[in-house]
Amino acid sequence: MNVLGLSASCRRWGNTDILVHTALRGAAEEGAETRFLRIPDLELGPCVGCMACVFKDRDCVRKDRLPEFLEAMRWADAVVLGSPCYVLGATAQIKNLHDRMIRFGIRREFVGKPGLALVAAGVPGWEPLALAQVSLFFLFLGMPVVDQFIGHAQGPGEIFDDPAACDRALEAGRALGRGETAYRGDPGPCPVCHLDLVTTRPDGTAHCLLCDLPGTWEDRNGGRRFVPAPGAEPRWSDRSMQHHFSDRILPSGPRFKARIREIRTRIEEFQEGGQPWKSA
């Protein structure tokens, strides 16, 4: 069993690095071979939005160290991904990973490899988006999330003052080392992402924003429970992802090429002060 630990923190041996290493230690206790990689060290540039990787099924046009990251992902049988929380969410490195990995949403190369999502946050209640952003990396790639949680600490190393988070990282790492793929974390309102991102629409129905899963609220045991609509599939299912790319993304390439001259003319009109959206 090969377990890869990824840290999206720019601070070496900060709380995120420590949580990821703790999970790797647990995996190693179960006999797994482990590897640790700091995402900021790769200095990956931002996605330029050319979509050549998707439309042409080719490697990214940017010549940086993304192939090194992909090699590590291919080596791994399971992955730990951790991020600090900055301004209510995960770091920019996490979002950059999402963008640079878009090709693998359609290739489905990493489907089935279990993942562990970790967040180190300074102040409880100031991390509402962070865990979802880290877990999104796994959901988009079709990788089952074995556990996901937030450890709270401010100064580097103060994560040791949150022994519950350290113990949970250790135990989740052991689960990865044993090859487990079943979710072992808090159940959460949504049965797919297990996160508290289910909202109420104007018509009173329920909807998980992350999973695009419709449903209803049901009163049970003095509380409300989200119940997905019968037959509804989350956006992360293989069929939904195939539909997204094959029916929505890929057809846009030929359509855009057929209109390129018209579009360039309208851009020029706009640059000269015009309102080309009115002349279409």
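Computed over heavy atoms, backbone and side chain alike; hydrogens, waters and symmetry mates excluded.
- Looking at D64 and L42, their side chains never come closer than 4.5 Å, going by heavy atoms from C-beta outward.
- In this structure a side-chain-to-backbone donor-acceptor pair under 3.5 Å is present from T265 to R261.
- You'll find the side chain of T216 stays beyond 4.5 Å of the side chain of F226, heavy atoms only.
- Look at D57 and R107 and you find a salt bridge, because one of the NZ, NE, NH1 or NH2 atoms lies within 4.0 Å of a carboxylate O, short of that distance.
- Using modelled atom types, no side-chain atom of T91 and backbone atom of S83 make a donor-acceptor pair closer than 3.5 Å.
- In terms of modelled atom types and a separation under 3.5 Å, the side chain of S237 and the main chain of E233 share no donor-acceptor contact.
- The closest side-chain heavy-atom distance from C166 to I159 is below 4.5 Å.
- Note: the hydrophobic cluster containing L141 also contains L37 (ILVMFWY, side chain heavy atoms under 4.5 Å, direct or indirect links).
- With values rounded to the nearest 0.5 angstrom, C53 atom SG is found 9.5 Å from D59 atom CG.
- Smallest separation of non-hydrogen atoms from M1 and G179: CE-CA, 3.7 Å.
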Assess whether side chain to side chain contact (heavy atoms under 4.5 Å, CB included) is satisfied between R235 and L213, documenting all intermediate values. CA-CA 7 Å; R235 71 169 91 237; L213 194 64; over 6 Å; no
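- Going from atom CE of M143 over to atom CG of L81 covers 9.0 Å, rounded to the nearest 0.5 Å.
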Starting from the C-alpha separation in whole Å, work towards a yes-or-no answer on side chain to side chain contact (heavy atoms under 4.5 Å, CB included) for L97 and F69. CA-CA 10 Å; L97 277 186; F69 175 77; 3.8 Å; yes
Start with the C-alpha distance between E268 and R264, add both sets of side-chain angles, then the distance that settles salt bridge (charged side-chain N to carboxylate O under 4.0 Å, His left out), and finish with yes or no. CA-CA 6 Å; E268 291 173 0; R264 286 175 177 170; over 6 Å; no
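- Panel note: side chain K113, backbone M73; a donor-acceptor pair is recorded below 3.5 Å.
- Under the 3.5 Å distance criterion, the side-chain polar atoms of D77 are matched with a main-chain donor or acceptor of N2.
- V20 and W13 fall within the same hydrophobic cluster, where Ile, Leu, Val, Met, Phe, Trp and Tyr residues are linked whenever their side-chain heavy atoms come under 4.5 Å apart, directly or through other members.
- R25 CZ: 12 or fewer foreign heavy atoms inside a 6.0 Å radius.
- Listed for the R224 side chain is no donor-acceptor partner under 3.5 Å among the backbone atoms of E218.
- Shortest non-hydrogen contact noted between P84 and T16 is N-OG1, 3.2 Å.
- For the atom pair CZ (R100) and SG (C60), the distance works out to 4.0 Å, reported to the nearest 0.5 Å.
- The backbone N or O of G188 sits nowhere less than 3.5 Å from a side-chain atom of D186 that would complete a donor-acceptor pair.
- Side-chain contact between F138 and Q148: absent, with no pair of heavy atoms (C-beta onward) separated by less than 4.5 Å.
- In the hydrophobic clustering of ILVMFWY residues, with side-chain heavy atoms under 4.5 Å counting as a link, M241 and V192 come out together.
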Mind running side chain to side chain contact (heavy atoms under 4.5 Å, CB included) on V145 and H194 for me, showing each step along the way? CA-CA 10 Å; V145 178; H194 305 285; over 6 Å; no
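- Here the side chains of R248 and H243 are in contact, with some heavy-atom distance below 4.5 Å.
- Criterion: ILVMFWY side-chain heavy atoms under 4.5 Å apart, direct or through other members. Under it, L88 and V123 are part of a common hydrophobic cluster.
- Residue Q242 holds its CD atom at 8.5 Å from CG of L250, rounded to the nearest 0.5 Å.
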Take F140 and H98, measure what ring-ring contact (aromatic ring centres under 6.0 Å, His included) needs, and give me the verdict at the end. CA-CA 8 Å; F140 181 73; H98 295 165; 7.9 Å; no
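- Electrostatic pairing of E71 and R35 counts as a salt bridge here, judged by a charged N lying under 4.0 Å from a carboxylate O.
- If you check the side chains of S9 and D17, you find no donor sitting under 3.5 Å from an acceptor.
- Residues R174 and E29 meet the side-chain proximity criterion, which asks for heavy atoms closer than 4.5 Å.
- Using a cut-off of 4.0 Å between Lys/Arg side-chain N and Asp/Glu carboxylate O, R103 and E109 are scored as not salt-bridged.
- Among all heavy-atom pairs drawn from P114 and L176, the shortest one is CB-CD2, 3.9 Å.
- Within 6.0 Å of atom CZ in R58, more than 12 heavy atoms from other residues, nucleotides or ligands are found, so the atom counts as buried in its surroundings.
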Working for side chain to side chain contact (heavy atoms under 4.5 Å, CB included), residues C50 and V61: CA-CA 9 Å; C50 70; V61 299; 3.9 Å; yes
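- Under the 4.5 Å side-chain heavy-atom criterion for ILVMFWY residues, no single connected hydrophobic cluster contains both M101 and V48.
- If you run side chain to side chain contact (heavy atoms under 4.5 Å, CB included) between Q133 and each of L136, L129, L131, only L129 comes through.
- Nearest heavy-atom pair across L4 and L24 is C-CD2, 4.1 Å.
- The CG atom of L19 sits 11.0 Å away from the CG atom of L170 when rounded to the nearest 0.5 Å.
- Other residues, nucleotides and ligands contribute only 12 or fewer heavy atoms inside 6.0 Å of the CZ atom of R11.
- In the model, N15 has no side-chain atom that pairs as donor or acceptor with a side-chain atom of H152 under 3.5 Å.
- Residue L44 comes nearest to L66 through the heavy atom pair CD2-N, 3.4 Å, listed as atom of the first residue, atom of the second, then distance.
- Looking only at side-chain heavy atoms (C-beta outward), L210 and L139 come within less than 4.5 Å of each other.
- Note: E68 CD to D41 CG = 9.5 Å, rounded to the nearest 0.5 Å.
- Side chain of T34 to backbone of A28: no donor-acceptor contact under 3.5 angstrom is found.
- Residue W75 qualifies as enclosed at atom CH2: its count of foreign heavy atoms under 6.0 Å is above 12.
- Of all the heavy atoms in T200 and W217, the pair that sits closest is OG1-NE1, 2.9 Å.
- Remark: E269 does not engage R266 in a salt bridge, criterion side-chain N to carboxylate O under 4.0 Å.
- Inter-residue side-chain proximity for W277 and F270 is flagged as met; some heavy-atom pair is nearer than 4.5 Å.
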